[in-house]
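Note sheet for the following structure.
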Protein chains: 2
Amino acid sequence: MTLHLNLFIFDTGHHEASWRLPQSDPLAYLDIAYYQRIARIAEDAKFDSVFLADSPVQFGDPGRRPSGRLEPTVLLTALAAVTSRIGLIATASTTYNEPFNLARRFSSLDHVSGGRAGWNIVTTAGDDAARNFGLDSQPAHVHRYERAAEFVEVSKKLWDSWEDDAVVGDKERGVHADSGKVHVIDHVGPHFSVRGPLNAPRSPQGHPLLVQAGSSEDGKDFAARHAEAVFTAQQTLEEAVAFYADVKRRAVAFGRDPDQVKILPGLVPVIGSTEAEALAAEEELDRLIIPEYARENLAELLKVPAESLALDEELPADLPAEDEIEGSKSRYTLIVELGRRERLTVRELIGRLGGGRGHKTFAGTPEQVADTIERWYRSGAADGFNIMPAVLPSGLEVFAAEVLPILRQRGLFRTEYTGSTLREHYGLPRPANQFSLVAV
Amino acid sequence: MTLHLNLFIFDTGHHEASWRLPQSDPLAYLDIAYYQRIARIAEDAKFDSVFLADSPVQFGDPGRRPSGRLEPTVLLTALAAVTSRIGLIATASTTYNEPFNLARRFSSLDHVSGGRAGWNIVTTAGDDAARNFGLDSQPAHVHRYERAAEFVEVSKKLWDSWEDDAVVGDKERGVHADSGKVHVIDHVGPHFSVRGPLNAPRSPQGHPLLVQAGSSEDGKDFAARHAEAVFTAQQTLEEAVAFYADVKRRAVAFGRDPDQVKILPGLVPVIGSTEAEALAAEEELDRLIIPEYARENLAELLKVPAESLALDEELPADLPAEDEIEGSKSRYTLIVELGRRERLTVRELIGRLGGGRGHKTFAGTPEQVADTIERWYRSGAADGFNIMPAVLPSGLEVFAAEVLPILRQRGLFRTEYTGSTLREHYGLPRPANQFSLVAV
C-alpha cells in the first residue's frame with residue numbers, strides 16, 4: 001500500500017512571489033531545461049506523476065508575475081524524452097478543443113512516452129478565454145459540463161477505434177492491419193459528430209489516465225462518472241474527509257469501483273529545519289506579494305469591484321451565492337468560506353491565497369509535514385497528494401530529501417517504481433476496448 | 001551560397017512497400033526512438049530541417065500499409081529534445097484547428113526547440129477529414145484558402161502580441177512584464193474573432209517559419225503571399241523551372257523579396273553503387289506493391305470507380321477537369337499529366353506513384369543523384385530539395401554518406417551549420433513585430 005504523489009509544476013513555485021526570490025529565474029517558465037531538471041528530480045524521488053495546469057488565455061495582468069504558459073502536451077513531450085517512468089498529466093479544455101484533435105494528441109503523448117500520459121479534463125472558466133475562440137462570453141457552467149461529458153465519450157470511442165490486436169504487420173502477405181478491427185465510430189450527439197477512426201493504433205495505456213479537478217456539484221458528478229484521479233483544494237481535514245466520502249459514494253452510485261477513483265488534495269509545503277524557520281520562510285514570501293495586484297485578481301474571482309475590497313477589513317457581507325457564479329464555482333466558495341471561517345482581512349486572505357491559490361498551505365518541519373500527510377491519508381481524506389512546492393525547484397528538493405524518507409520509513413511511500421505506466425503507478429487497470437467487448 | 005535540404009520523414013520510407021522489406025519494422029511509425037535516430041542522422045548530415053506531413057484522418061485502408069500518424073507537434077517536440085540545431089517543420093490544418101490553439105502550439109515548439117519550429121500550412125483535402133469535425137463534406141477549395149489566409153493573419157497577430165522587449169523580470173519592483181507591451185489583438189473577421197494576447201512571450205524566431213505545399217492556383221497565390229518555404233511535387237525540369245519562376249513572380253507582385261520564398265521540389269532518390277543496382281532496388285520495391293490496394297487509392301484521387309481503371313491499360317480518356325476537383329487539385333493534375341505524357345499503364349503509373357506519391361523519383365549512382373540536384377539547382381528550378389528517401393533510415397544514411405560529400409566538393413552544401421535557428425539555416429530574417437512597428 002502506497003500513497004500517491006503528484007508534483008504540480010508551476011513556474012518558479014506555487015507562491016505567487018516565488019519568482020522574486022534571489023535564486024529564481026523570472027523566465028524559467030520558458031526554459032525547457034528548467035522543466036526537464038524538475039521532472040528528473042521528481043522521477044528520482046519516485047513521484048507517480050508530474051502535472052501542468054492550463055488555460056488557453058493570458059491569465060491576469062502579465063506585469064504581475066510570470067504568467068505565460070507553454071502548451072502542456074508539447075511541454076510534457078519534451079519531459080517524456082528525458083524521463084522513463086514518471087507519469088505526465090496535461091490539462092486541456094473540452095470547451096475550446098475538438099475531440100478528434102485532442103484525443104489524438106493524448107494518444108500520441110501516450111505512444112511517445114511509453115504509456116505515461118494523463119489528461120486533466122477541464123471546462124475552462126472565464127469570458128477572456130471564450131473571447132479567444134469567437135465567443136463573447138463563456139458558455140454556462142452546466143453547458144460546459146454537458147459538452148465535457150460528450151467530449152470524453154467521443155474520445156474514448158476514438159481511443160478504442162483500433163482494437164488492441166488490429167495491427168498484424170504481416171510483410172509476407174502485405175497486410176499491415178486487420179481492417180475489420182479498425183472501427184468507424186460514427187458518433188452523433190448534441191455537441192459533436194465524429195466519424196473516426198483515430199489515425200493511430202491504440203496507445204500503450206489503452207487511453208490516458210483521466211483526471212478531473214473541479215469540485216462543484218457538476219464537477220463532483222463528472223469526477224465520479226469519468227475521473228480516475230481527482231485533484232482537489234481542501235482547506236481542512238473535516239472538509240477533505242467529507243469530499244472524499246462524497247466522491248467515492250457518487251462513484252459507487254455510477255456503478256464504479258471507488259478504489260478506481262484516486263483522490264489527491266493539494267498541499268503547499270513550506271519546509272524548515274525548525275517550525276520557526278519554516279514560518280519565517282513563509283512570511284518572507286508573503287512579504288513579497290504586491291497586494292494591489294493580488295486584490296484585483298481576488299476581485300475578479302469574487303465578481304466584485306476591486307474598490308469594494310478594503311485591504312485591512314474582512315470580505316464584504318453581500319457577496320454573490322455560488323449559484324450565480326458561472327466560472328470556477330468550487331474555488332469561489334472555498335475562498336469565501338476560508339475568509340469567513342478564519343475572519344481574515346483581505347490582506348491576510350491574499351497572503352493565504354498567494355501561497356497556493358486556495359490549496360492548503362502548511363509550514364513546518366519535515367516531520368510535521370509527514371505527520372500531516374499521514375493523518376490525512378489515514379483519516380480517509382486522501383489517496384495521495386498533489387504536492388505544490390511554494391518555491392521550485394528547491395521546495396521539491398527539500399521535500400524529496402527530508403519528507404520522503406520519513407514517509408518511506410513509515411511504509412507509506414514506494415522506494416522504487418513497481419510498474420512502468422502511469423496507470424500502474426496509480427494502481428489502475430488498463431481499460432478494456434469497447435469495440436472488442438461487443439464482438440461475438 | 002548553399003542549397004537547402006529538408007528531410008521528409010515518412011514511416012519506413014516514402015515507397016509504399018518499404019515496410020515489407022526484411023530490415024523494416026512495420027511499427028516504426030509508433031516508435032519514438034526510431035524517429036529520434038533519423039533526426040540525429042539528418043542533423044549530423046547538416047540538413048536544414050526535418051518535416052512531417054499530416055492530416056487529421058485515417059487515410060486509406062489501414063490494412064494496406066502503416067498509415068497511422070503521431071501528431072506532428074508532439075512528435076517534433078520529442079525530436080527537439082534530442083537534437084540542437086536541425087529545424088522541425090510540422091504540418092497542421094487551418095480548416096480543422098482554432099488559431100489560438102495552433103499559434104500557441106507552434107510558439108511553444110519554437111520556445112522548446114530554441115527557435116527551430118516551422119509550420120507547413122495546409123487546408124486539408126477530403127470529406128473523411130471533414131467528418132471527424134462535424135461536417136458532412138469538406139468546405140470548398142476556395143473557402144478553405146480564405147479561411148487559411150485569415151488564420152495566418154490571426155496567428156501572426158498572436159505571435160506578435162508580446163513585443164520583443166515586453167518581459168522585464170524586475171524582481172526588485174515586482175514587475176514581470178511591461179503590460180503596455182502586451183497587446184490585446186481584437187481581431188474580428190469573417191472566420192475568426194480572437195481577442196488575445198497569446199499567453200506566452202514572443203518566441204525565439206519571432207514566429208515559426210511558414211511553409212506551404214499545395215501547387216494549385218489558390219495554393220501558389222497563398223505561397224507567394226505567406227510562405228517562406230514551398231514544398232512542391234515537380235516531375236520534369238521544365239515544369240519545375242516554370243513553377244519556380246511563377247511563384248517568385250507572384251511573390252514580387254505581392255511586394256515581397258523573391259529570395260525570401262525558398263522553393264524545394266520533392267526528390268525520391270534510390271541510390272545504388274551502379275545505375276543497374278539502383279534500378280534493381282527500385283524494381284524490387286515496386287514488385288512489393290499490391291496493385292489492387294494501390295488502384296483503389298488512385299481511383300479515390302481521380303474521383304472515378306476503381307473498376308474503371310484497368311491495370312494494363314492507360315488512364316481512361318474522360319477524367320474530370322481540375323476545376324471540378326475540390327480536394328488536392330495540383331496533385332490530381334500532376335498524376336493525370338504524368339500518365340498521359342509517358343503513356344503509362346495504370347500498373348506502371350501505380351509503380352511511379354508508389355515511389356513518391358507524385359514526387360520525382362530518381363534511381364541512380366550517388367554521382368547521378370548529385371548531378372540531378374546540381375542541374376535543377378543551377379537551372380533555376382530549386383533553392384533546395386525536399387529529400388524523400390524511398391527507404392528509411394537506410395536511404396538517408398546512403399544519401400548522407402555518398403551524395404552529400406559530392407555536393408560539398410562542388411561547394412553546393414554546407415559542411416557545418418552557421419546559424420542556430422531554422423530561419424538562419426534557410427537564410428531568412430527574423431520578422432519584425434507588427435505592434436512594435438506602429439509605436440511612436
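With chain B as the partner, the residue from A:A200, A:S113, A:P56 showing the most heavy-atom pairs under 4.5 Å is A:P56. Across A:V188, A:N101, A:L158, A:L288, the residue that shares the most heavy-atom pairs under 4.5 angstrom with chain B is A:N101. The candidate from A:Y293, A:W162, A:F133 with the greatest count of non-hydrogen atom pairs under 4.5 Å with chain B is A:F133. Listed options A:V194, A:L109, A:D61, A:I185 were ranked by heavy-atom pairs under 4.5 angstrom with chain B; first place goes to A:V194. Across A:A81, A:P62, A:G134, A:A17, the residue that shares the most heavy-atom pairs under 4.5 angstrom with chain B is A:P62. The residue among A:R104, A:H187, A:H191 with the most heavy atom pairs within less than 4.5 Å of chain B is A:R104. Ranking B:F59, B:F100, B:Y96 against chain A, the residue ahead of the rest is B:F100, based on heavy-atom pairs under 4.5 Å.
Sorted by first and then second residue, the pairs that involve residues 180-193 of chain A and meet salt bridge (Lys or Arg N to Asp or Glu O under 4.0 Å), not counting sequence neighbours, are A:D165-A:K181.
For B:S55, the part lying under 4.5 angstrom from a heavy atom of chain A is the backbone only. With a 4.5 Å cut-off on non-hydrogen atoms, A:L198 touches chain B through its backbone but not through its side chain. When heavy atoms are compared at a cutoff of 4.5 Å, B:R65 approaches chain A solely by way of its backbone atoms N, CA, C and O. Residue contact with chain A, scored on non-hydrogen atoms closer than 4.5 Å, involves the side chain of B:D54 exclusively. Proximity to chain A (any heavy atom under 4.5 Å) is shown, for B:A78, by both the backbone and the side chain. For chain B, the nearby part of A:V182 is the side chain; its heavy atoms alone come within less than 4.5 Å.
Heavy-atom proximity under 4.5 angstrom to chain B picks out A:I32, A:Q36 from residues 31-40 of chain A. The interface of residues 166-176 of chain B with chain A, defined by heavy-atom distances below 4.5 Å, comprises B:V167, B:G169, B:D170, B:K171, B:E172, B:R173, B:G174, B:V175, B:H176.
Contact record, A:L30 with B:P201: CD1-CG, 3.7 Å, taken as the closest heavy-atom pair. Pairing each heavy atom of B:T73 with each of A:R105, the nearest pair is OG1-CD, 4.4 Å. Of all the heavy atoms in B:N132 and A:G196, the pair that sits closest is OD1-N, 2.7 Å. Nearest heavy-atom pair across A:L70 and B:V112 is CD1-CG2, 4.0 Å. Between A:G63 and B:S179, the closest heavy-atom pair is N-OG, 3.4 Å.
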- [ ] Walk me through it: do B:V57 and A:N199 pass the test side chain to side chain contact (heavy atoms under 4.5 Å, CB included)?
- [x] CA-CA 6 Å; B:V57 66; A:N199 53 351; 5.6 Å; no
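Between B:D136 and A:R195 there is no salt bridge, since no side-chain nitrogen of the basic residue lies less than 4.0 Å from a carboxylate oxygen of the acidic one.
With hydrogens and angles disregarded, a donor-acceptor distance shorter than 3.5 Å links the side chain of A:S108 to the backbone of B:E71.
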Which atom pairs, one a donor and one an acceptor, fall under 3.5 Å between side chains of residues 21-28 of chain A and the rest of the protein, sequence neighbours left out?
from  : atom 1 : to    : atom 2 : distance (Å)
A:S24 : OG     : A:S18 : O      : 2.8
A:D25 : OD1    : A:L27 : N      : 2.8

